[in-house]
Amino acid sequence: MSDEKNVNSADSADKPAEQVPAPKPAASSQGAAGSGEQVSAALSRAEQKAAKAKAKVDAKLEKARAKEAQLRAKADAKNAAREQKSLEAEQESAAKAEAKAQKKNATPAPAKPGAAPAPAVEPATAGSAKTGQSDQGSKAEAEEKSGPSGNSQPNATTAAAGAPEAKPQAKDQPAQAAQQNSAVAHPAHKSTDPAAPAVPAAAHEPKAAHKAEPEQAATPEKQKPAESSKDAAADSPTAKAAEDAGTAAASASPSTEAASKEPAPIAKEPENAKAAKRRRKLEKIRAAEAAKEEQAQQAQATEAGIASESAAGSVNARRKKLDKARAAASKDAATASTRKKTGAVLLSLAAVLAASAAVGAGSLVAPKAAEKTLPAAVTNLPAGDASSVCAPTPKLLKGVDGTDPQFAAGGKEISSNLRSIAVSDLAKRIPGSSFAKLDGTSERPLTERIAEAQALEARGSDDDGQTGRTSKVSTVNGVDDAQVYSLQPLGGLASEGSALRSYQAKDGDLAGLATGTCQAPASTWRFTGLQTSTGSTSVMNLANPTHTTAQVSLRLRGPEGLIDTPTLQSIVLAPGESRALVLGGYAQDMDSVSAEVTSLGGKITASVQQAALRGLTPSGVDLVAANASASNTQVIPGVWIDEKSNSDALSKDDGTLVPQLHVSATGSSGAGYKVKVLGKDGEVAASFDDNLAVSSNATGVQSLKQLASGYYTIVVESDAPVTAAVRMVRGSDPKDSSDTAWAASSNVLAGTQAMPLSANGTGKFALAAVDSDSTVEATVVGKNGKLNKVKKLAINAGSSIVFDPKTVADDAQAVIFSTDANTYIGQLTLGSERSIAWAAMPQANAGRDGIVVNIGG
């Protein structure tokens, strides 16, 4: 309670007239007293903070007032000193001019007694009298204008008026200086009355000038450059000559007999009238400026008073809230049970602290109401199940070309399966996962789903307090249609995991090896290097796994540019529906075709089944992966080149059976590009044409036969957005079957993601860093789901390496990659001596996309 008394006394010192209410006594019970003391201590600290905040506000206000008074005092001192010095200068110049005039106009006739001294004394006397009157008038005006917030101004003005060493007064404007000089110099001020004052205008002008002093004091910093420039103008030779001429003319008009006998020049009367008119106008302007300054001072004083009243009101309101909170806390502590008592005290304390913080902050910074609608912001929803669609098993096409093709098995010895991996959190909880059809039916659970309430908990260790990770690898056979892989989130975050389709046939027209990553739905898909030439078949598979109808359109580009496909601009896919399109029906007999798929409404997935025959000999099968977004740089990791002898033998009768780079321009301006080949030791020397280019919305092909056998990463750099892919060929005898695989341009892997190895063949990973060095952590997962020791892979900028999981574990089933968002990854799978496949690295799971929410009204 002593702290409360100190705070109250501090508040009373700031406002003597304020009555501080005494705190209400706590409850009499011992339990309530203990809780009340805790609350009182917390309340005392809150009151101390509020008192400190109020003291800071009062100190700032007082400091501002003192600074304003000091500035005004300085300005008044300067103005008074300038007036005094100006008058002294005028008197001195008038005396000198009078002496000259007496010498020049001296005559033998005797002058009246006392007439000679009068001209030298009278102007000074008149000026002194006028000066005294103007000083008194200016002091009175300053007292009226000072108001309650400027009590120190009259004293500062009076003290500054007698400063002999102050600088001369700066003239308001150059035109004003000229008016003053002309007003002094006009002989029209002469009067036939010998007792008339010599310089009436000069005597009254200081008073008018003094009315503008508050404005000058309010903005002293802004006037300093103007004053220096005006003083310089006054010191110039032209200004001095004009001033000397005006002084001489004024000194020639004292009330002496010699001056009164000479007639006044009539020609200068109109100029005198003009000067008087200008002077009256100037006085009106000064009076208006003085009135504006007075209004500004009054407004400032009013604001200061309002701020003080607001601070006082906030303190009173704060104290009332503190008293109410203290009483409520004491009452709850006295009547409730021990557990309820503790909860009430904590809640009351939180409410008091929040109220004190809000009141204190409000006294310092007053919030302003929003005048405009806030921009739309993206709100991240809690993570939902991560879903991806796996392409159907490649099938042999039957019937006519069109949008409703018929398929057959195409072989007897076929192995098609789906392999998935689900990675646990740090508490070793494996998320639920499953396969299902597009419409959600025929669900195949892979791992048991955790109860939603428990899955929402973010846990860093298991029930025994141990931290670790594990995983579950599942392989499903005999599922040929498209499947949706779902993965449950844990702790509000998307889990790590993905699935992969692998296919291998040893006979039939679709003999070969193919792999395809299960992809998350998206609104746009791009493919490059599709073929519809004789013997080649390209089938586009579209799937809508969402609950929203999708309207899909396709744009096809060939070697000559855009292909007219009006019937592919409005394809409707209902939720859970799929559609197969035979591209040969729209782009016939073309060696290179690119496709762009766009969906409105529900997001979809797209994949392409590609197959070829050389007469009756199988020439490869593949699940073509989608490209990265069109851009000026395309990176294709995992390009494999066969032995030169095998390539030469296979392409002896057919020159197209060689590795090829396909590039497609996505704009009407076309694109010029260059090709770089990256190996394990950096960029590999390769000779390409200097002026590689592709026409508007067209595709182009470049042979890669010149490269030696091995693993590479191909980089395409262009001056306009393009897409790119590489067709790889494996085989040695034209009489035997061969196989093809398409490596597509990829995106960098940002974050952590797991990728299963193909269940058919032997998979290896190609990793590339293009612009800067990269470090990747690779964790190999065994057949039982156990995670092996992390292996760090360092990749130099401009190079590409190959990672074989079998070097870590013989039973490797998947690999978890964690990157620094600078690495491109692709999986290359080799089967028998005549089979090859490529699959893209899946991106990190997002769980659920953010939606746009307008929070501004």
Side-chain angles (χ1 to χ4, degrees), residues 378-392 418-459 469-476 479 481-501 516-523 543-550 573-578 599 601-607 749-756 781 785 814 816 841-851:
V378 175
T379 300
N380 290 325
L381 298 177
D385 283 11
S387 299
S388 56
V389 178
C390 306
L418 292 170
R419 175 171 285 178
S420 64
I421 177 174
V423 184
S424 72
D425 60 2
L426 293 176
K428 298 181 180 181
R429 298 183 303 171
I430 298 177
S433 60
S434 64
F435 284 116
K437 291 186 177 181
L438 290 176
D439 57 3
T441 61
S442 303
E443 183 178 6
R444 295 171 178 262
L446 304 175
T447 56
E448 185 178 356
R449 192 174 184 89
I450 301 175
E452 297 301 327
Q454 298 178 5
L456 287 174
E457 297 178 0
R459 300 182 60 181
R469 301 185 75 186
T470 186
S471 66
K472 173 67 175 177
V473 179
S474 303
T475 303
V476 178
V479 181
D481 53 353
Q483 294 287 306
V484 177
Y485 176 67
S486 299
L487 186 63
Q488 182 185 21
L490 295 179
L493 301 176
S495 300
E496 299 167 7
S498 65
L500 179 78
R501 162 82 72 180
T517 306
C518 302
Q519 298 288 346
S523 298
N544 180 9
T546 68
H547 299 285
T548 305
T549 301
L573 284 181
E577 185 182 2
S578 63
S599 172
K603 294 183 178 181
I604 65 168
T605 60
S607 63
L749 175 62
T752 302
Q753 181 58 295
M755 184 178 187
V781 180
I816 304 172
M841 180 72 197
Q843 294 300 298
N845 293 328
R848 181 178 295 162
D849 294 333
I851 62 173

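Everything quoted here is computed from the prediction, not taken from an experiment. We're numbering straight along the sequence, starting at 1.
- No hydrogens or angles considered: a donor-acceptor pair under 3.5 Å links the side chains of T441 and D439.
- For the pair S424 (side chain) and T470 (backbone), a donor-acceptor distance under 3.5 Å is present.
- When side chains are defined from C-beta on, Q519 does not count as touching S388, because their heavy atoms never get closer than 4.5 Å.
- Looking at residues two or more places apart in sequence or on another chain, you find a side chain to side chain contact (heavy atoms under 4.5 Å, CB included) between T549 and V572, P575.
- The minimum heavy-atom distance linking A543 with L438 is given by the pair CB-CD1, 3.7 Å.
- Counting all heavy atoms, side chain and backbone alike, S607 lies closest to A391 at OG-CB, 3.5 Å.
- Side-chain contact between L500 and L418: absent, with no pair of heavy atoms (C-beta onward) separated by less than 4.5 Å.
- One finds the CG atom of L446 at 6.5 Å from the OG atom of S434 (value rounded to the nearest 0.5 Å).
- Among pairs with a residue in residues 422-434, those fulfilling salt bridge (charged side-chain N to carboxylate O under 4.0 Å, His left out) read D425-R429, at least two apart in sequence or across chains.
- Among all heavy-atom pairs drawn from S387 and V484, the shortest one is CB-CG1, 4.2 Å.
- For R444, the side chain to side chain contact (heavy atoms under 4.5 Å, CB included) partners are F435, V476, V479, not counting sequence neighbours.
- Remark: E448 pairs with no residue by the side chain to side chain contact (heavy atoms under 4.5 Å, CB included) rule, at least two apart or across chains.
- Side-chain contact between I604 and P521 is absent, with no heavy atoms from C-beta onward closer than 4.5 Å.
- With sequence neighbours left out, the side chain to side chain donor-acceptor pair (under 3.5 Å) criterion links Q483 to D481.
- Taking all atoms of both residues into account, the shortest heavy-atom contact from C518 to R501 is SG-N, 4.5 Å.
- Remark: S523 pairs with no residue by the side chain to side chain donor-acceptor pair (under 3.5 Å) rule, at least two apart or across chains.
- Residue pairs satisfying the side chain to side chain donor-acceptor pair (under 3.5 Å) criterion with at least one member in residues 488-499, sequence neighbours excluded, are listed as follows: R469-E496.
- Note that the CD atom of E457 and the CG atom of L490 stand 10.5 Å from one another [nearest 0.5 Å].
- Side-chain atoms of N544 and S578, non-hydrogen and from C-beta on, never get closer than 4.5 Å to each other.
- Note that the CD1 atom of I421 and the CG atom of L487 stand 10.0 Å from one another [nearest 0.5 Å].
- Across all their heavy atoms, A499 and C390 have their closest contact at CB-SG, 4.2 Å.
- For S433, the side chain to side chain donor-acceptor pair (under 3.5 Å) partners at least two apart in sequence or on another chain are T447.
- Contact of the V473 side chain with the R419 side chain is registered, since non-hydrogen atoms from C-beta on lie closer than 4.5 Å.
- Residues that satisfy the side chain to side chain donor-acceptor pair (under 3.5 Å) test with E452, not counting sequence neighbours, are R449.
- Between Y485 and G497, the closest heavy-atom pair is CE2-C, 4.5 Å.
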Would you please test L426 and R459 for side-chain contact (heavy atoms from CB on, under 4.5 Å) and show each step? CA-CA 7 Å; L426 293 176; R459 300 182 60 181; over 6 Å; no
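- Not counting sequence neighbours, the partners of A436 by the side chain to side chain contact (heavy atoms under 4.5 Å, CB included) test are E443.
- The CG atom of L493 lies 11.5 Å from the CG atom of N845; values are rounded to the nearest 0.5 Å.
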